[in-house]
Protein chains: 2
Amino acid sequence: MSKSSEQSFLDSYNPKDFDTPIYSVDIAIFTLHEGQLKVLMVERNEYPYKDYWALPGGFVDLKKDSDINATARRKLVSKTGVNAPLLEQVTTVGNAKRDPRHWSITTLYMALIPYAPTSAFIEAVNEARWVPIDETDQLKLAFDHKELLYFARERLKSKTAYTVLPMHVLKRPFSLTQLQKAFELLMDTQLEKKSFRRRILNADLLKEVGEGVPEGGKGRPATLYEPADGSENHLFVRVFGD
Amino acid sequence: MSKSSEQSFLDSYNPKDFDTPIYSVDIAIFTLHEGQLKVLMVERNEYPYKDYWALPGGFVDLKKDSDINATARRKLVSKTGVNAPLLEQVTTVGNAKRDPRHWSITTLYMALIPYAPTSAFIEAVNEARWVPIDETDQLKLAFDHKELLYFARERLKSKTAYTVLPMHVLKRPFSLTQLQKAFELLMDTQLEKKSFRRRILNADLLKEVGEGVPEGGKGRPATLYEPADGSENHLFVRVFGD
DNA sequence: CCAATAGTGTCTTTGAGACACTATGAG
DNA sequence: CTCATAGTGTCTCAAAGACACTATTGG
């Protein structure tokens, strides 16, 4: 009885009877290249904000996406060809003004990927471009993407201070010098070499996988590392670079 | 010309032409009462999940809400009568299964409020109840609210370790003993008295506002404090209670 | 040898953990 | 006085900052 009246309720329910905001997902995809932190931007070729630059993103495909993380991942793969990397939710923004079409909501994700495997893919795709993070303010940005980019950038900074996030922007294996450079670029500060190495090595987050040529090709060869299992989730009890 | 073709694009745009998920906001509202951490739950009197318990929440009112934070705040005020307190976003969950009606998305917020001003208001409202956090698993919970509650509880624990969040569940002014109790309940650990006081006092987060009767009415009177300006945003460089 | 990069020794400083201690109120 | 609660003194320990030092490669 309760069952059948619930069923009849569900049968007569039509989501289009209600005013609902439009919902989308946007991703700030970061990488390191030429000693700079860069973010992937796409040039819009449709209204609204035609010819403006935007973070990659789009709507949920109710047929294909099992959840919103899948939506984000689908967008990430379609822009970069990469599926492996760190992808996590930053925040959700929704208001009446951000999209001229309608009351609109977006969930912002950030992703970190190494540069190498993406460059060819992205050069093939027409309107996508790696933009150095300091140069994003010279572009005309669509919607509230300037603000979204700021949120993602801040999250990147703060998580770098107590996790090992930056290893996700490096091609493996990597040296400690490379890892320190990555930390410094993501946090936008200089770090002290000894402290950095002590912290990372004592936490047992990396495994040695041989030796390699040093940064720049000159000097003593560096020990190379890969992330150890479970290191992604390590939280330091103290923040770094203070 | 570009202007007018954009205008005609917008004029012909109708959000109901597209399949979009349904979107809602849910809030885990926490307080401290009788030495326990409690969360506000409401009993649903409509399908789906009629007669199940749920976190307070609801849909965006496209006319009244300027943004999704306003939606959350409106729900908070309507359930508790309180507007002042800490209210922040935890995460957004969206998938095809969580709501039997449709592909559905919710943004989860958490709020912290002192017990005192709300008790009368909530007793007047019929189907709302403060449930001790350990007893929530004895209730039949609607949708994925068991999982949402878990997310909020975890966020509460982790932020307590490096901020002064717990002060928001206390009526002002409060003693350091009360504040320590609040920390312990939100983190679900015991803290060492001296370390606790040193940490809080050295950080200059509180201002003295007199003396008051001790916990339980017996013993030496305690110094009472209120949060100093800007203390909400203080981040400790080291996590606590490790 | 030099230049360049990798990696270490070691002293100082900060702040948490442990835990015994003292202080101030009510009866 | 005792009991109860507030609040302190002080030692140890973990981990970051500073910075000078040594090590290993190619030329």
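Protein chains get the first letters and strands the later ones, always in sequence-line order, with residue 1 at the start of each.
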For this session: Using salt bridge (Lys or Arg N to Asp or Glu O under 4.0 Å) as the criterion, list what pairs up with B:E135, not counting sequence neighbours.
Result: none
Exercise. Should B:T177 be listed as having a side-chain N or O under 4.0 Å from OP1 or OP2 of D:dT5?
Worked result: no
If you look only at distance, which donor and acceptor atoms sit under 3.5 Å apart when one is on a side chain in residues 35-44 of chain B and the other is two or more places apart or in another chain?
from  : atom 1 : to    : atom 2 : distance (Å)
B:K38 : NZ     : B:H33 : ND1    : 3.1
B:K38 : NZ     : B:E34 : OE1    : 3.0
B:R44 : NE     : B:P48 : O      : 2.8
B:R44 : NH2    : B:P48 : O      : 2.9

Seminar exercise, completed: Expected list for residues 205-212 of chain A near DNA chain C, using heavy atoms below 4.0 Å, is none
Exercise. Roughly how many Å is it from CZ in B:R238 to C1' in D:dA14, rounded to a whole number?
Worked result: 6 Å
Seminar exercise, completed: For residues 222-242 of chain B, the ring pair (Phe, Tyr, Trp, His ring centres under 6.0 Å) pairs (sequence neighbours left out) are B:H234-B:F236
For this session: Round to the nearest Å and state the distance from A:I200 atom CD1 to D:dA16 atom C1'.
Result: 13 Å
Seminar exercise, completed: Contacts of B:D204 meeting side-chain contact (heavy atoms from CB on, under 4.5 Å) (sequence neighbours excluded), chain-then-number -> none
Exercise. Hey, does A:Y23 have a side-chain heavy atom less than 4.5 Å from the side chain of B:I105?
Worked result: yes
Exercise. Contact class for B:R198 (heavy atom, under 4.0 Å): base, sugar-phosphate, or nothing?
Worked result: base
Exercise. Got a sec, which pairs hit ring pair (Phe, Tyr, Trp, His ring centres under 6.0 Å) with one end in residues 143-169 of chain B, sequence neighbours left out?
Worked result: B:Y49-B:F143, B:F143-B:H145
For this session: Assign each of A:G216 and B:F196 to its nearest nucleotide of DNA chain C by heavy atoms, then name whichever residue's nucleotide is nearer the 5' end.
Result: A:G216
For this session: Could you tell me the separation between the CZ atom of B:R197 and the P atom of D:dT5, rounded to a whole number of Å?
Result: 14 Å
Exercise. For DNA chain C, what residues of residues 217-234 of chain B have any heavy atom nearer than 4.0 Å?
Worked result: B:G219, B:R220, B:P221
Exercise. Are any of the side-chain nitrogens in A:E215 or A:K181 under 4.0 Å away from the carboxylate oxygens of its partner?
Worked result: yes
Exercise. Out of curiosity, A:I27 CD1 to A:I29 CD1, how far, rounded to the nearest 0.5 Å?
Worked result: 5.0 Å
Problem set entry | Integer-rounded Å distance: D:dA15 P and A:L201 CG | 14 Å
Problem set entry | Residue-level proximity of residues 181-190 of chain A to DNA chain D when a heavy atom falls under 4.0 Å | none
For this session: Verify whether one side chain among A:T91 and B:Q89 offers a donor that lies under 3.5 Å from an acceptor in the other.
Result: yes
Exercise. Please give, in whole Å, the distance from D:dA18 P to A:F240 CZ?
Worked result: 11 Å
For this session: Would you please name every residue forming a salt bridge (Lys or Arg N to Asp or Glu O under 4.0 Å) with A:R74, sequence neighbours left out?
Result: A:D65
For this session: Not counting sequence neighbours, which residues clear side chain to side chain donor-acceptor pair (under 3.5 Å) with B:S231? List them please.
Result: none
Exercise. What distance separates B:L76 CG from B:N69 CG, expressed to the nearest 0.5 Å?
Worked result: 12.0 Å
Seminar exercise, completed: When rounded to whole Å, the CD to P distance for the pair B:Q178 and D:dA6 reads 8 Å
Problem set entry | Distance in angstrom units between B:E192 CD and D:dT10 C1', rounded | 12 Å
For this session: Given side chain to side chain contact (heavy atoms under 4.5 Å, CB included), test B:F174 with B:L224 step by step and report yes or no.
Result: CA-CA 5 Å; B:F174 48 79; B:L224 299 179; 5.9 Å; no
For residues 186-194 of chain A, tabulate all N or O donor-acceptor pairs below 3.5 Å that involve a side-chain atom, not counting sequence neighbours.
from   : atom 1 : to     : atom 2 : distance (Å)
A:E192 : OE1    : A:K194 : N      : 3.0
A:E192 : OE1    : A:S195 : N      : 3.3

Problem set entry | Rounded distance in Å - CD (A:Q180) to P (D:dG17) | 11 Å
For this session: Shoot me the first and last contacting nucleotide of DNA chain C against chain B, ordered 5' to 3', at under 4.0 angstrom to non-hydrogen atoms.
Result: C:dG15 to C:dG25
